[in-house]
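Data first, discussion second: the structure below is written as structure tokens.
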Amino acid sequence: MTPLYQNNPIKIYNSLSGEKEILKPINEGHIGMYVCGPTVYSNVHLGNVRTFMSFDVVFRYLKHLGYKVRFVRNITDAGHLENDADQGEDRIAKKARLEQIEPMEVVQRYTVDFHNILNKFNFLPPSIEPTATGHIIEQIEIIKSILEKGLAYVVNGSVYFDVLEYNKTKKYGILSKRNVEDLIHNTRELDGQSDKKNPQDFALWKKAEPQHIMRWPSPWSDGFPGWHLECTAMSTKYLGEQFDIHGGGMDLKFPHHECEIAQAEACNGHAPVNYWMHANMLIMNGKKMAKSTGNYILPNEIFTGDNKNITKSFSASVARFFMLQAHYRSILDFTNSGLLASEKGFNRLMEAVNSLKDIKTDQNSTINIKSWQQKCYEAMNDDFNTPILIAHLFDAVKFINQLKETTESISNEDLNILQQTMHIFINDVLGLENVSEASNDSDKLSGAVELLIRLRQEARANKDFALSDKIRDELAAAGIQLQDGKDGTTFSVN
RNA sequence: GGCAUCAUGGCCGAGUGGCUAGGCUCAGCUCUGCAAAAGCUGCUACAGCGGUUCGAAUCCGCUUGAUGCCUCCA
């Protein structure tokens, strides 16, 4: 059987070129993808969730197309400084100091939180989830190599990347479309003295101050690696010197990803990544999310409803659906009304899916199901356009409801395609879970509700509307909604 | 201040040089014992000002605003 990817060329918006390009893997049928993971020094940010969700869908779709995908997403557990000044403190070390626990306790706590949240949102685990502290040796080797090439220098036990020297032969700023001259002119004065030759230079290795507890031996000092280096080390180790896709949040474009390119170019002499993808920001109520202003919500608070920015709790699937209704390259505004609208739409989608099993087939179809299916693929092939895909799924919802009304008809073969395609895109690709269907007690529940439906039918036949309405209203109050259709009554659980 | 991205109907959010997004809301109708659900119908937008073009919301310029980065953040 020919794999699906052969008939589904994917266009990816490459941040490097600023254009959509056809994805051509380095090795046919294989994709290497790296996504910058979280720094585990506090609870995972909801914006983080959106970014990782975008790449979760990319991962899912590539896999569905039959690619063998190696998806690497790191955990940053050292080296991410509070700021770029020489006194900048490691974020994890700082948290450890404030809470009076071991740095690795901080790492453990928030790594567990990260995994918990992502599980609730039904993320697929990456193929490899490496940590910065597990790859100190690899990072030291890269620093040695860059030093040998004359593109880094040692000062007081720290090693810095020499951006101006690098810029003589390569171009620093190709990803973020900046040039070094502009950077020099616009550099703000940092407080305090610096070991760096130029403010644009960035640390490859930092010497640890005596009180610094996170430290490893190196040829230059007891210290710790620079933040940008870990991604170069781990992506090279697991995906090679050149790989297909590198993703991350828009805010990492500069300087983080720019530095990754420079490090890899310096070390290996060629570009590390063919396709750079950047997910756009999540804002809330039109403004940047910030703890300090209260314009902030923790992922978990969506499930509990315990946050003043929302009026009720929302399931992870609804929140996921809400985010996927926007394209990954657009800014998305997280609002209560937006979530409410998405919840209604999501429920309508799921009810249509649930009713698929009751559809009666006919000799012929009044819909071109193959053409519809093709449109779904085309939406995803066009830079993973989930909002367009969802629009097509709602076309199917309308059609399914018309089938129930028997104003349209469908053949047995086409119904199978419809069912499969809905399942593929809703569950496998978008990663949405049908909550009501997943309930363990659904068999017992439906048995009991079926009984009440029959009693109500009898009451209605006897024109005992007081009783029939009582059954309907009290079930509704219990969260069970009856739906009268042409072929009898069904129900859904809210 | 510099760089980048963006600005769509009541709301959210796609897309395109000339032709349909989709969701939510709203109004009318059908169905119903009454509802709900569902179906049908309606609401026709593209920040402002110039320019290119036979034709632009879509391309270019300016203005205004938003978001991101430049300083920790996905």
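Throughout, a chain's letter reflects where its sequence line sits, starting with A, and its residues are numbered from 1.
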We want to know whether A:Ser355 and A:Glu351 form a side-chain donor-acceptor pair, criterion being a heavy-atom distance below 3.5 angstrom.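 No, A:Glu351 and A:Ser355 have no side-chain donor paired with an acceptor closer than 3.5 Å.
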Does a side chain donor of either A:Glu408 or A:Thr366 reach within less than 3.5 Å of an acceptor in the other side chain?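 A pair is found: one side chain offers a donor N or O, the other an acceptor, under 3.5 Å apart.
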Taking any strand in view, what nucleotide pairs with [N] in a Watson-Crick or G-U wobble way, both distances under 3.5 Å?
N	result
B:A47	B:U63
B:C26	B:G42
B:C3	B:G68

Any chance you could measure A:Leu475, atom CG, to A:Leu482, atom CG, to the nearest 0.5 Å?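 Nearest 0.5 Å value for the CG-CG distance: 5.0 Å.
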Calculate the interatomic distance between [X] atom [atom1] and [N] atom [atom2]; express it in whole Å.
X	N	atom1	atom2	result
A:Arg348	B:G22	CZ	P	11 Å
A:Leu467	B:C34	CG	C1'	15 Å
A:Leu324	B:G22	CG	C1'	15 Å
A:Gln200	B:G2	CD	C1'	13 Å
A:Met250	B:C70	CE	P	14 Å
A:Asn354	B:A38	CG	P	14 Å
A:Met284	B:C12	CE	P	16 Å

Regarding A:Lys398 and A:Asp395, does a basic nitrogen lie under 4.0 Å from an acidic carboxylate oxygen?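 Salt bridge between A:Lys398 and A:Asp395, a charged N being under 4.0 Å from a carboxylate O: no.
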Can you tell whether the side chains of A:Arg109 and A:Glu99 come within less than 4.0 Å, N to carboxylate O?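 Between A:Glu99 and A:Arg109 there is a salt bridge, with a charged N closer than 4.0 Å to a carboxylate O.
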How do A:Phe394 and A:Pro38 order along RNA chain B: which one's closest nucleotide is nearer the 5' end?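 On the 5' side of the pair lies A:Phe394.
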On RNA chain B, check which nucleotide each of A:Ala326 and A:Lys253 is closest to and give me the residue with the more 5' one.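 Nearer the 5' end of the strand: A:Lys253.
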[N] OP1/OP2 closer than 4.0 Å to side-chain N/O of [X]:
X	N	answer
A:Arg472	B:C34	no
A:Lys398	B:C40	yes
A:Asn401	B:G39	yes
A:Ser330	B:A14	yes
A:Asn280	B:A74	no

Picking from B:C40, B:C24, B:G68, which would you name as closest to the side chain of A:Gln402?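 Among B:C40, B:C24, B:G68, the one nearest the side chain of A:Gln402 is B:C40.
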Check RNA chain B against residues 450-466 of chain A and give the residues with a non-hydrogen atom under 4.0 Å, in numerical order.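 Result for residues 450-466 of chain A: A:Arg460, A:Phe465, sorted by number.
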Donor-acceptor pair under 3.5 Å, [X] side chain vs [N] base:
X	N	value
A:Asp484	B:A38	no
A:Asp469	B:G33	yes
A:Arg329	B:C6	no
A:Arg178	B:C69	yes

For A:Tyr296, give me all partners under ring pair (Phe, Tyr, Trp, His ring centres under 6.0 Å), at least two apart in sequence or on another chain.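 Expected list: A:His45.
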What do you reckon, is NZ of A:Lys207 surrounded by more than 12 foreign heavy atoms closer than 6.0 Å?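 Not more than 12 within 6.0 Å, no.
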Base, sugar-phosphate, or nothing: which does A:Gly338 touch, judged by heavy atoms less than 4.0 Å apart?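 Answer is nothing: A:Gly338 stays at 4.0 Å or more from every strand.
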Categorize A:Lys344 for me: base, sugar-phosphate, or nothing, with a 4.0 angstrom heavy-atom threshold over every strand shown.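 Touches sugar-phosphate only.
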What interatomic distance, in whole Å, is found between P of B:U8 and the corresponding atom of B:C49?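 Those two atoms are separated by 16 Å.
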Taking the C1' atom in each of B:U44 and B:G22, what is the distance between them to the nearest angstrom?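 Nearest-Å result for B:U44 against B:G22 at atom C1': 15 Å.
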Determine, using ring centers only, whether A:His257 and A:His228 are less than 6.0 Å apart.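 No, they do not, as the ring centres are separated by 6.0 Å or more.
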